[in-house]
Number of protein chains: 2
Amino acid sequence: MPIDKALMAGSTTLLVLSLLAEGEKYGYQMIAELARRSDNTFQLKEGTLYPILHALEKEGRVKSFRREAENGRERKYYRITPAGLALLQDKAEEWRLFSEKVNAVVQGCTPVGA
Amino acid sequence: MPIDKALMAGSTTLLVLSLLAEGEKYGYQMIAELARRSDNTFQLKEGTLYPILHALEKEGRVKSFRREAENGRERKYYRITPAGLALLQDKAEEWRLFSEKVNAVVQGCTPVGA
DNA sequence: TGACATACATCGGTCATCTATGTATAATAT
DNA sequence: ATATTATACATAGATGACCGATGTATGTCA
């Protein structure tokens, strides 16, 4: 069973930027990689990813370009920009802080052996 | 600066149930406790909390009752039910899994020294 | 040549939070 | 006295983010 929608909501941009920090990738590939790396916990939909990528590009966080694959097929790749890396830093720190605080509340209330 | 709205979205129910697992509490108190325990990272609004409490009660996850405080003022307290505890178990496990996977992706992409 | 996986794209609906607003009471200050 | 602030609960409407559905197009394989 995949994760609740609302939980995913706040972290998709962080996840996408994280993937792109590794190197340029195309949309379909990102969906597959995210699923693989999370043991299918993250099953990002195309209807979610593409609008995010377009928005990030409009903000200058990523830059897209077309390139032909080995099979002669053209794909749309995305590369992260310096502004994108900066946003990634912010998002990663925000996530770190947030998850730390959630754990503080949850663990503080429900003793470990629950 | 408080945490991004979307990040909060998926975890408010978990946080509320966690607080109530400790003992019965009233609304205003929960907001204050959440802020205190998270070093003001969580600043839940009344417009967010009360609808959540009402929904949880309708589902039988919590039970409300009125009680007079020392100062003669009446407050509406909430107590978690067995069904509420069960939901808390599920939500806590979901959170654990989710945060683990996010960290796996983020850390896998952005080397520690980022 | 039909079926399927790949690959990109967009629209509309749903759902959760926040902002704003309203009510009421107790405590405090002027 | 009375104005202000903190406490305390409540709801309606706006916003924002994801997903489901759908559409297009191409390469591969039987």
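The sequence lines fix the lettering, A, B, ..., with proteins before strands; numbering per chain opens at 1. Since the model is a prediction, treat every value here as computed from it, not as a measurement.
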A:R61 with A:E57: basic N within carboxylate O range, under 4.0 Å: no
Could you check how far NZ of B:K25 sits from P of D:dA8, rounded to whole Å? 14 Å
Starting the side chain at C-beta, find the nucleotide from D:dT7, D:dA10, C:dC8 nearest to B:R75. D:dT7
Rounded to the nearest angstrom, tell me the gap between atom CG in B:L44 and atom C1' in D:dC9. 14 Å
Spacing of B:L56 atom CG relative to D:dC9 atom P, expressed in whole Å: 15 Å
Hey, does the side chain of B:Y28 come within less than 4.0 Å of D:dC9's phosphate (OP1/OP2), counting only N and O? no
Could you tell me whether B:R37 and B:E22 have a side-chain N and a carboxylate O separated by less than 4.0 Å? yes
Identify whether any heavy atom of B:F42 sits under 4.0 Å from a base atom; if not, whether one sits that close to sugar-phosphate; answer base, sugar-phosphate or nothing. nothing
What I'd like to find out is whether the side chain of A:K25 reaches to under 4.5 Å of the side chain of A:Y78, using heavy atoms alone. no
State whether B:R67 and B:E24 are salt-bridged, where the test is any N-O pair (Lys NZ or Arg NE/NH1/NH2 against Asp/Glu carboxylate O) under 4.0 Å. yes
Report yes or no: does A:E93 contribute a side-chain atom to a donor-acceptor pair with the main-chain N or O of A:D90 at less than 3.5 Å? no
To the nearest Å, how far apart are A:Y26 OH and D:dG27 P? 14 Å
Which whole-number value in Å describes the distance from A:L53 CG to D:dA17 C1'? 15 Å
How many Å lie between CD on B:Q29 and C1' on D:dC9, as a whole number? 14 Å
Under 4.0 Å between a side-chain N or O of A:K45 and OP1 or OP2 of D:dC18? no
Indicate yes or no for a side-chain donor-acceptor contact from B:E94 to the backbone of A:D4 under 3.5 Å, with no hydrogens or angles considered. yes
Specify the separation, in whole Å, of atom CE of B:M30 and atom C1' of D:dT7. 15 Å
Letter per nucleotide, 5' to 3', of nucleotides 10-16 of chain C [B base touched, S only sugar-phosphate touched, - untouched; heavy atoms, 4.0 Å]: B-----S
Counting any heavy atom closer than 4.0 Å, what does B:R73 reach on the DNA or RNA strands: base, sugar-phosphate only, or nothing? base
Kindly check if the number of other-residue, nucleotide or ligand heavy atoms within 6.0 Å of NZ (B:K63) is above 12? no
Nearest-Å distance, CG (B:L49) to P (D:dA8)? 13 Å
